[in-house]
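Have a look at the structure below before the remarks.
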Amino acid sequence: MEGRMPETPALGLDGLVGGLREVYRSGRTRELAWRRSQLKGLISLLTEKEEDIFDALREDLGKHRTEAFRDEVGVLVKSVKNTLQNLEKWAAPEKAPTPLVSFPATALVVPEPLGVVLIFSCWNLPLGLALEPLSGALAAGNAVVLKPSELAPSTAAFLAANIPRYLDSEAVKVVLGAPEVGEKLMEHRWDKVLFTGGARVGRIIMTKAAKHLTPVALELGSKCPCIVDWLDSKRDSQIAVNRIIGAKWSTCAGQACIAIDYILVEEQFAPILIELLKSTIKRFFSKPEDMARILNEKHFNRLSGLLKDHNVSCSVVHGGGMDPKTLSIEPTILLNPSLDSDIMREEIFGPLLPIITVKKIEDSIEFLNSKPKPLAIYAFTRNEALKQRIIKETSSGSVTFNDAIVQYGLESIPFGGVGQSGFGQYHGKYSFEMFSHKKAVLKRSLLIEFMFRYPPWDDRKLGLLRHVFRYDYVSLFLTLLGLRR
Amino acid sequence: MEESRAAAVQELRARFAAGQTRPAEWRAKQLRGVLRMATEMEAEICDALHADVGKPKTEAHVHEISLVKSSCLFALKNLKKWMKPKKVHARLMTFPSTARITKEPLGVVLVISAWNYPLLLSLDPVIGAIAAGNAVVLKPSEVAPATSSLLAELLPRYVDSACIKVVEGGVSETTALLEHKWDKIFYTGNSKVGRIVMAAAVKHLTPVVLELGGKCPVIVDSNVNLHVTAKRIAAGKWGCNNGQACIAPDFIITTESFAPKLLEALKKVLEKFYGKDPLLSADLSRVVTPNHFNRLLDMMDDEMVSDKIVFGGQRDEQKLKIAPTIFLDVPLDSAMMKEEIFGPLLPIITVDKIHESFGLINSMTKPLAAYLFTRDSKLQKQFESTISAGGMLLNDTSVHLTNPHLPFGGVGESGTGSYHGRFTFDAFSHGKAVLHRGFGGEAKARYPPYSSAKLKIMKGVLVGKLGAMIQAILGFPRGK
């Protein structure tokens, strides 16, 4: 689907934001019943409109319905159901201990919504990256604007048409349009902005946010490395290869922030790994429609450009075939392309898999530490010592051993980057917290008063206060009774 | 100058990369060092605080030194617990697997401190950053030069100066520091500079904590113990650096009928605290600089408000002292009601019914703290649910910041992020999810070539159907 994205006119944006502030001020979105209704609405949208969703994702990315279900619809429904189940617990005030000296007092931490929030989603998981944070923002009681990526126009149009039908259209808005619309939105003050995408635009968003002191969360890209250690059993090796392929070509043809970007393996085992990859790829991708296509011509040219570099093209050991008409690139494996080439310096975000060999598998740690902190580190190994070293000596959003991508669907762990891969975490309870303010509330009584709190000051009062701050209740008590100086 | 700065930052990076700041023993040693410094150097610290803001000795002890010490003790006590990875549910869907969240240090962090509590606001964040295993640069406020140079001189004696450094300087120094790559920036100060700090952080995509200010309102209902209320308001306002504190009560809202009684009570309390001539009391901080003194004078003498003064107003330009001064019903569009006062001026705004105070507060930006004095539990509940602020206190002022179990930070204009106790540790950590999967339970249904049979099993698995999960684990559908 080519042609211009329908846009919400600029004048309309002022009215839109103002309107949302009114709705938020009315208190409607804070009611638990409202939040529950929105979450249920999301579940209905996902289940009733499943076929439409599959169609949109196929149009935008050539995604097979199984992949669409596995990575977007299914994982979303599971997540929203989990949120619904835990909503009351997450929204409840939590008691905090109070030191005896402030008796009588109660201390609470009360979660409250931030207000009116803005979510920018990316094109590669156009449904998931929009609706997962949306579910968290709604659960937390906010009014929301969703700005889906214009590069996935069918999904954006789907959201614009269906969100108003299934959710409270006065409190949840979808704004369509080109990046300029996003910039215009950022001229306003928001109570929080979540941006998923590349670092270049991430910086623009954060700069604009600074003008209003709008807090931001940035989910950016990175080169996610996968360390492949020698695995004794053939079965284990096959499973590892299945999972590697699943995390590269079976996930939007490698166009995913948590897809495996490149592999690190000991040089003696590289040939075995490559053979296993080749044979398994052949089995898995017997039907071309089982792999997503490249998003558009621009990315297709970018990827083919990566391969054309003469330090790189000679390192291709499998695949390399490209069809600009269908925007498809076959699963491609490279062995030791030059480390200075673009393919080893930039995030690939496509179906090209460089394999870098090292002398000893432990050398991988130093290698990946020479690059910016990634969103995810993967390692296939049974070596417990190696696992501990990876955990302790590297830094990344997350680490997954003996599998890949699956961490995305686990609600109990936070999802987000560190360093160049971003900041802010979400999924599960973290989505709720990303869009909440934890307000400290301390209640004191007007009854008991400690005179030594107040001026005029003298050394006696100072002495008493010292006891207080050491939580030395015995001395305090005795001193107050005049039994001690 | 820039060379030495760059070299300093580089050394910190190298030390961090070498793992010097990671072991629990190193962290505990540094914390004990800070604790010793705060204990052994009490007299010198009090002198510096007195030189910088005229802080009374008791305030220096109670609000700064004691809080630094208890912060160290709290961190030392809980360090092992905070550092321990937390096991979380790994769910049937990824079975067999285990998941943990590991806290790791962010790396090399920058703490920019403020002038009003120059010791506390420097060391409290640094304590948490050290506990979390980071290398740290502390940039104390140049507006409190005695404390700044004391910290620059003392800290290297008590802690590992290769990994924890103090860099002194003003605007140009700070600007130069902000050009470097930091893994986190922690800033305490005003919202104007907060914006500059956040904008500078964009360059390296650095996450920030901004502890800013705001106009902290105090709502006073009529059903209170008047004497206690007046004392607590006075202690929170003038007993906190003479109003120069981010959580000091900025203004009061009360009913028209109750205002005279409250005013009388405040006058009585103020005389008791500071005597008949407050400018002579040793228990009141002075205004920090001539700039701020003039700012407050302009605010007080503004013709919109100057006729609304009902108590105080004395000033001494030589000593930079302003006495506790109360105003009644200044116009809401006066500077006094539009800007954060940060000084000893206290406007009382009256409303017809106490509930009207909520609308007034909500028409302003979200403050760092909001206070309510009342015995009416319904009013308390309404206050809690209607007003958004960093923190709230019922029937007292300021003291919530001494509870290390409560997160301390702002929201909206008053800031982003929070700290104190465990929250400081978390502010300077990254919670890394670590998922361990086994090779058992390989689900063929995950992989292409796709089929409707596989889709059916996937649907079952994601919905949590046990039967589907068993099928998936057993490798169904067979054959492909």
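Because only heavy atoms are used, hydrogens play no part in the values below, and waters and symmetry mates are left out as well, while side chains stay in. Numbered from 1 within each chain, the chains take letters A, B, ... in sequence-line order.
- In terms of heavy atoms, B:Ala90 sits closest to A:Leu410 at O-CD1, 3.3 Å.
- When the candidates A:Ile413, A:Val73, A:Leu218, A:Asn369 are compared by the number of heavy-atom contacts under 4.5 Å with chain B, A:Ile413 comes out ahead.
- Taking 4.5 Å as the limit, some side-chain heavy atom of A:Val109 sits within range of a side-chain heavy atom of B:Pro407.
- A:Lys461 has its side chain out of reach of B:Val62: every pair of non-hydrogen atoms, C-beta onward, lies at least 4.5 Å apart.
- How far NZ of B:Lys444 is from CD1 of A:Ile239: 9.5 Å, rounded to the nearest 0.5 Å.
- Side-chain contact check for B:Leu212 versus A:Leu213: some heavy-atom pair is nearer than 4.5 Å.
- Heavy atoms closer than 4.5 Å to chain B are found in the side chain of A:Tyr430, but not in its backbone.
- Of the listed residues (B:Gly412, B:Gly390, B:Gly391), the greatest number of heavy-atom pairs within a distance under 4.5 Å of chain A belongs to B:Gly390.
- Of the two parts of A:Ile377, neither the backbone nor the side chain holds a non-hydrogen atom closer than 4.5 Å to a non-hydrogen atom of chain B.
- Surrounding NZ of B:Lys181 are more than 12 heavy atoms belonging to other residues, nucleotides or ligands, all under 6.0 Å away.
- Relative orientation of the B:Tyr447 and A:Phe284 rings is parallel, given thresholds of 30° and 60° on the angle between their planes.
- Atom CG of A:Asn402 and atom CG of B:Leu435 lie 9.5 Å apart (nearest 0.5 Å).
- Looking at A:Thr394, the atoms closer than 4.5 Å to chain B (heavy atoms on both sides) sit in the backbone and in the side chain alike.
- Under a 4.0 Å N-O distance rule, the pair B:Glu104/A:Lys373 does not qualify as a salt bridge.
- Counting non-hydrogen atoms of other residues, nucleotides and ligands closer than 6.0 Å to NZ of B:Lys272 gives a total of 12 or fewer.
- Neither the backbone nor the side chain of A:Glu289 comes within less than 4.5 Å of any heavy atom in chain B.
- One finds the NZ atom of B:Lys203 at 12.5 Å from the OG1 atom of A:Thr207 (value rounded to the nearest 0.5 Å).
- At a 4.5 Å heavy-atom cutoff, the contact between B:Ile101 and chain A is made by side-chain atoms alone.
- Note that CG of A:Leu462 is 5.0 Å distant from NE2 of B:His61, once rounded to the nearest 0.5 Å.
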Under the criterion side chain to side chain contact (heavy atoms under 4.5 Å, CB included), I'd like the reasoning laid out for A:Lys387 against B:His436: C-alpha separation, chi angles, the key distance, then a yes or no.
CA-CA 9 Å; A:Lys387 286 185 191 175; B:His436 294 257; 4.0 Å; yes
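- Heavy atoms of A:Ala209 lying under 4.5 Å from chain B belong to its backbone as well as its side chain.
- Contacts between B:Ser451 and chain A at a heavy-atom distance below 4.5 Å involve the backbone alone (N, CA, C, O).
- Each of B:Pro56, B:Ser388, B:Ala370, B:Ser418 has some count of heavy-atom pairs under 4.5 Å with chain A, and the biggest count is that of B:Ser388.
- B:Ile196 does not touch chain A: none of its heavy atoms, backbone or side chain, sits under 4.5 Å away.
- Contact of B:Thr397 with chain A is made through the backbone alone, with heavy-atom distances under 4.5 Å.
- For A:Ala247, no part sits under 4.5 Å from any heavy atom of chain B, backbone or side chain.
- In this structure, B:Leu406 CG and A:Leu108 CG are separated by 8.5 Å, a value rounded to the nearest 0.5 Å.
- Between the A:Arg70 side chain and the B:Arg446 main chain, a donor and an acceptor come within less than 3.5 Å of each other.
- At a 4.5 Å heavy-atom cutoff, the contact between B:Val224 and chain A is made by backbone and side-chain atoms alike.
- Scanning all heavy atoms of the two residues, the minimum distance from B:Phe273 to A:Pro455 falls at CD1-O, 3.1 Å.
- Of all the listed residues (A:Lys438, A:His212, A:Arg25, A:Lys81), the one sharing the greatest number of non-hydrogen pairs under 4.5 Å with chain B is A:His212.
- Both the backbone and the side chain of A:Asn242 come within contact range of chain B, each with at least one heavy atom under 4.5 Å from a heavy atom of that chain.
- In this structure, CZ on B:Phe439 lies 7.0 Å from CZ on A:Arg243, to the nearest 0.5 angstrom.
- In this structure, the side chain of A:Lys439 engages the main chain of B:Ile387 through a donor-acceptor pair within 3.5 Å.
- Using a 4.5 Å cut-off between heavy atoms, A:Glu112 contacts chain B through its side chain alone, with no backbone atom that close.
- Taking the charged nitrogens against the carboxylate oxygens, B:Lys459 and A:Glu50 do have a contact shorter than 4.0 Å, which makes a salt bridge.
- The parts of A:Phe401 that come within reach of chain B are both its backbone and its side chain, each placing non-hydrogen atoms under 4.5 angstrom from that chain.
- Of the atoms belonging to B:Thr206, it is backbone heavy atoms, and not side-chain ones, that fall under 4.5 Å from chain A.
- Taking 4.5 Å as the limit, some side-chain heavy atom of B:Leu205 sits within range of a side-chain heavy atom of A:Arg203.
- Below 30°, between 30° and 60°, or above 60°: for A:His64 and B:Tyr450 the angle between ring planes is between 30° and 60°, a tilted geometry.
- A:Asp71 does not touch chain B: none of its heavy atoms, backbone or side chain, sits under 4.5 Å away.
- Of the atoms belonging to B:Lys184, not a single heavy atom falls under 4.5 Å from chain A.
- Only the side chain of A:Leu231 comes within contact range of chain B, with heavy atoms under 4.5 Å apart.
- Using a distance-only test at 3.5 Å, with no hydrogens or angles considered, a donor-acceptor pair links the side chain of B:His430 to the main chain of A:Gly397.
- Here B:Leu393 is the residue among B:Leu393, B:Thr386, B:Asn225 with the most heavy-atom pairs under 4.5 Å with chain A.
- In this structure, chain A has a heavy atom under 4.5 Å from the side chain of B:Leu210, while its backbone stays farther away.
- Side-chain atoms of B:Asn403 come within 3.5 Å of backbone atoms of A:Pro97 as a donor-acceptor pair (strictly under, hydrogens ignored).
- Residues B:Ala433 and A:Pro414 approach most closely at CB-O, 3.9 Å, considering heavy atoms.
- The backbone N or O of B:Gly431 sits less than 3.5 Å from a side-chain atom of A:Gln425, completing a donor-acceptor pair.
- At a 4.5 Å heavy-atom cutoff, the contact between A:Val441 and chain B is made by backbone and side-chain atoms alike.
- The candidate from B:Lys231, B:Lys57, B:Arg100, B:Arg22 with the greatest count of non-hydrogen atom pairs under 4.5 Å with chain A is B:Lys231.
- Proximity to chain A is absent for every atom of B:Lys86, based on heavy atoms less than 4.5 angstrom apart.
- Taking 4.5 Å as the limit, every side-chain heavy atom of A:Arg444 sits out of range of all side-chain heavy atoms of B:Val228.
- For a residue to count as touching a neighbouring chain, one of its non-hydrogen atoms must lie under 4.5 Å from one of that chain's; by this rule B:Phe373 touches chain A with the side chain only.
- No other option in A:Ser395, A:Gly419, A:Ser445, A:Gly246 has as many heavy-atom pairs under 4.5 Å with chain B as A:Ser395.
- The number of heavy-atom neighbours closer than 6.0 Å to NZ of B:Lys456, taken from other residues, nucleotides and ligands shown, is 12 or below.
- A:His437 places a side-chain N or O within donor-acceptor distance of the main-chain N or O of B:Ala389, the cut-off being under 3.5 Å.
- For chain A, no part of B:Leu226 is nearby; none of its heavy atoms comes within less than 4.5 Å.
- The contact between B:Ala201 and chain A is made by backbone and side chain atoms together, counting heavy-atom distances below 4.5 Å.
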